[in-house]
Amino acid sequence: MTTKPKSSWRRLLLTLFSAGLLWQSQGVAAAEFNFQEVTVEQLQTAMQADELSAEQVVRHYYGQIAKHNERGADLRAVTQLLPLAEALSVARALDQERAQGKLRGPLHGVPVLLKDNIDTADGLANTAGSLLLADHYPSTDAYIVQRLRDAGAIVIGKANLSEWANFRSTGSSSGWSSYGGQAKNPFDTSRSTCGSSAGSAAAVSGNLIPLAVGTETDGSLVCPAAITGIVTIKPTLGLLSRSGIIPIAHSQDTAGPMARSVSDAVYMLDAMLGEDPRDEASYAVSEGFAQHLKVDGLQGKRIGVMRDLMGYHSGVDAVFEGQLQVLENAGAELVDDLSFVNGRNWGEDEFTVLLHEFKYGLADYFAQHPAAPYQNLAGLLEANNRFADSIMPFFGQELFVMADARTGEQQADYEAALARAKQAAGADGIDATLAEYDLDLLIAPTTAPAWKIDLINGDNYSGSASSPAAVAGYPHISVPMGFVEHLPVGMSFFAGAGAEGVLIEAAFAYEQLSQARRAPSLMPQHH
């Protein structure tokens, strides 16, 4: 690359300008329909009853993005949109299918945003949030994107993220990228979204989109979900294909749905399922998970309350304590005051694994994209330095430097660290604790409330329940559980490999009783 990286904003503004004009002239039915906090089921009911078309739904969300992405609340959640005409063309084709009696499933005609580290072949760049990849246009859809399209979802654009999924600097501000700017929390725009699936979470929470896809290596789905008051499901490693997604670490990376309700997240998860021959960890399941949306899903469940994942924020702990009664009232049996039976000792090994796999995983990804502007971490490192003014105005690339220093001679060390980390978090961690107390699942507060955005000092991050399930490669669901002041906080449900069904039953039943999700007012707040 010889020219200075260019911003995406001009293209997005032009798309939104045309969307805003067209949005004003949408049909009467859509104008009367209340989209606020709308669920997938409500959209399907309205579309089946001919009260709403997919075309009108698409126009509405382009309008919402025009209102609040760079104006209004200025969330900076969306970085790229398909030209409206293209999105409407897809919507009309799906409307025609519906009129002919063909229904693809719960996502038929529902708009979706993708985190901007997921490949699409529709002319959207896959940037990982870096201006260096502003001209990286993949030639094929990621497997999960193809599955979403097959399910009738309308992929309308890309969501902002912490640059390189928060694996560039030790001093980063979550939700900031050189490509998309600083994503903001819709409950208080002076505060963080957490990261790295920042834009996906903010867009869903702020009602700019019904559904979005995020990704997680450790915390990047569950932290933004909890902090913006939405639901996410981080699945077991391999349940969703990882091919066509810019990686951090293949032994922990997974995509996941982000939604305002457990049922919407489950419908989206089901749509993305499927065994992908391009991903060695990918596996098939015999049926989807919607059958686990049971209002009595807590009845008889033995749940471990993980006290050693608490204590970093008194307000969060107080909200969590108040919700334990909700679980018991629904028929769950709580086993309280638990710690991991063998302690928590995977952190150092996890870091070794992430550094090593990032370097070699990026090279593997770019090897499948020979037209990409860079082919390895060394090239990116050098270009970040060359364009430091626009790419590193606030923080550096210490993690890039550490990862690039990894060598083939360290392969044995890496493999040993990987084995130890998996054993410590998995067999000796979550599995051993479940077995010791004969439990179905574990719970803890997900993370602290949103901290102030601070581009000088970086994130004021105090603690989270994300690491055990992340390192083990096990499923983890975060559901809104209430508020600390005006800021939402979440409850984490996690268990062993393949336990999605058990977790969905518990999380859905809890959500139905707690009803803790609230829509943000979308007004900038200064506290």
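Counting from 1, the numbers follow the sequence of the chain as shown.
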- Item | Minimum heavy-atom distance between A77 and A202, given as atom pair plus value | CB-CB, 4.0 Å

- Query: Which pair of heavy atoms, one from E86 and one from D122, lies closest together, and at what distance?
  - Reply: OE1-O, 4.2 Å

- Task: Give the C-alpha distance, both sets of side-chain angles, the deciding distance and a yes or no for side-chain contact (heavy atoms from CB on, under 4.5 Å) between M268 and M258.
- Result: CA-CA 8 Å; M268 194 180 199; M258 306 189 89; over 6 Å; no

- Message: Can you confirm whether E357 sits close enough to H250 that some side-chain heavy atom of one is under 4.5 Å from a side-chain heavy atom of the other?
- Response: yes

- Note on the structure: Result for side chain to side chain contact (heavy atoms under 4.5 Å, CB included) between W164 and one of L399, N117, I246 points to I246

- Message: Does the plane of the ring in Y414 sit parallel, tilted or perpendicular to the ring in H356? Use 30° and 60° as the thresholds.
- Response: parallel

- Query: Can you list the steps and then say if T352 with D413 is a side chain to side chain donor-acceptor pair (under 3.5 Å)?
  - Reply: CA-CA 9 Å; T352 299; D413 290 344; over 6 Å; no

- Item | Nearest heavy atoms of Y62 and L82, plus distance in Å | OH-O, 2.7 Å

- Message: Given 3.5 Å as the limit, does a donor-acceptor pair link the side chain of H313 with the main chain of V316, or not?
- Response: yes

- Item | Heavy atoms from other residues, nucleotides or ligands near CD of E415 exceed 12 (cutoff 6.0 Å) | yes

- Just by distance, with hydrogens left out, do T79 and K158 show a side-chain donor and acceptor under 3.5 Å apart? no

- Query: Side chains of R191 and K184: does their closest heavy-atom pair fall under 4.5 Å?
  - Reply: no

- Item | Value rounded to 0.5 Å, distance of OG in S200 from CG in L161 | 8.0 Å

- Nearest-0.5 Å distance that lies between atom CG in N185 and atom OG1 in T228: 6.5 Å

- Query: Among R517, R260, R518, which residue meets the side chain to side chain donor-acceptor pair (under 3.5 Å) test with S205?
  - Reply: R517

- Item | Nearest non-hydrogen partners of R147 and A271, listed with the distance | CB-O, 3.3 Å

- Message: Less than 4.5 Å apart, side chain to side chain, heavy atoms only: is that true for I453 and S190?
- Response: no

- Message: Nearest 0.5 Å, please: how far is CG in L418 from CD in E350?
- Response: 11.0 Å

- Message: side-chain contact (heavy atoms from CB on, under 4.5 Å), that's the test. Do F320 and V489 meet it? Break it down for me.
- Response: CA-CA 9 Å; F320 180 75; V489 290; over 6 Å; no

- Task: Say whether Q252 and D218, considering side chains only, have a donor N or O and an acceptor N or O under 3.5 Å apart.
- Result: no

- Message: Is it the case that the side chains of S196 and S162 hold a donor-acceptor pair, with the cut-off being a distance below 3.5 Å and no angle test?
- Response: no

- Query: Is it true that D349 and R420 make a salt bridge, defined as a side-chain N closer than 4.0 Å to a carboxylate O?
  - Reply: yes

- To the nearest 0.5 Å, how far apart are OG1 in T127 and CG in D116? 3.0 Å

- Supply the atom-to-atom distance Q146 CD to D141 CG, rounded to the nearest 0.5 angstrom. 5.0 Å

- Message: Closer than 3.5 angstrom, by distance alone: can the side chain of E216 be matched with the main-chain N or O of G256 as a donor-acceptor pair?
- Response: no

- Where the side chain of T193 meets the backbone of A198, is there a donor-acceptor pair that is under 3.5 Å apart? no

- Side chain of N376, backbone of A363: donor and acceptor closer than 3.5 Å? no

- Item | Nearest-0.5 Å distance, OG of residue S192 to NZ of residue K452 | 12.0 Å

- Is there side-chain contact between D135 and Y137, with heavy atoms separated by less than 4.5 Å? yes

- Item | Flag, side chain of D308 to backbone of F340, donor-acceptor distance under 3.5 Å | yes

- Item | Sub-4.5 Å side-chain heavy-atom contact between D279 and Y143 | no

- Any side-chain donor near an acceptor of the partner, N126 and H369, under 3.5 Å: no

- Task: Please examine the side chains of I233 and V266, heavy atoms only from C-beta on, and report whether any two atoms are closer than 4.5 Å.
- Result: yes

- Closest non-hydrogen atom pair, G175 against N160: O-ND2, 3.7 Å

- Would T189 and D74 count as having a side-chain donor-acceptor pair, cut-off 3.5 Å? no

- Begin with the C-alpha distance, continue with both residues' side-chain angles, and end with the deciding distance and a verdict on side-chain contact (heavy atoms from CB on, under 4.5 Å) for S169 and M392. CA-CA 10 Å; S169 172; M392 302 194 293; over 6 Å; no

- Where the side chain of Q411 meets the backbone of G408, is there a donor-acceptor pair that is under 3.5 Å apart? no

- Take Y61 and L208 through the test side-chain contact (heavy atoms from CB on, under 4.5 Å) and record every step on the way to the result. CA-CA 6 Å; Y61 286 107; L208 304 191; 5.7 Å; no

- Does some side-chain heavy atom of R242 sit less than 4.5 Å from a side-chain heavy atom of L237? yes

- Decide if atom CD of Q410 counts as having more than 12 heavy atoms of other residues, nucleotides or ligands within a radius under 6.0 Å. yes

- Item | Heavy-atom donor-acceptor pair, T447 side chain to G463 backbone, under 3.5 Å | yes

- Message: I'd like to know if the side chain of D459 and the backbone of S174 have a donor-acceptor N/O pair within less than 3.5 Å.
- Response: yes

- Are any side-chain N or O atoms of Q80 and backbone N or O atoms of A125, one a donor and one an acceptor, separated by less than 3.5 Å? yes

- Side-chain donor/acceptor of R168 to backbone N/O of E398, under 3.5 Å: no

- Message: Checking side chain to side chain contact (heavy atoms under 4.5 Å, CB included) between M272 and each of D150, L107, V145, L148, which is the one that passes?
- Response: L148

- Query: Closest approach of A469 and F494, non-hydrogen atoms and distance?
  - Reply: CB-CB, 4.3 Å

- Query: So do the side chains of D119 and Y365 get within less than 4.5 Å of each other, counting heavy atoms only?
  - Reply: yes

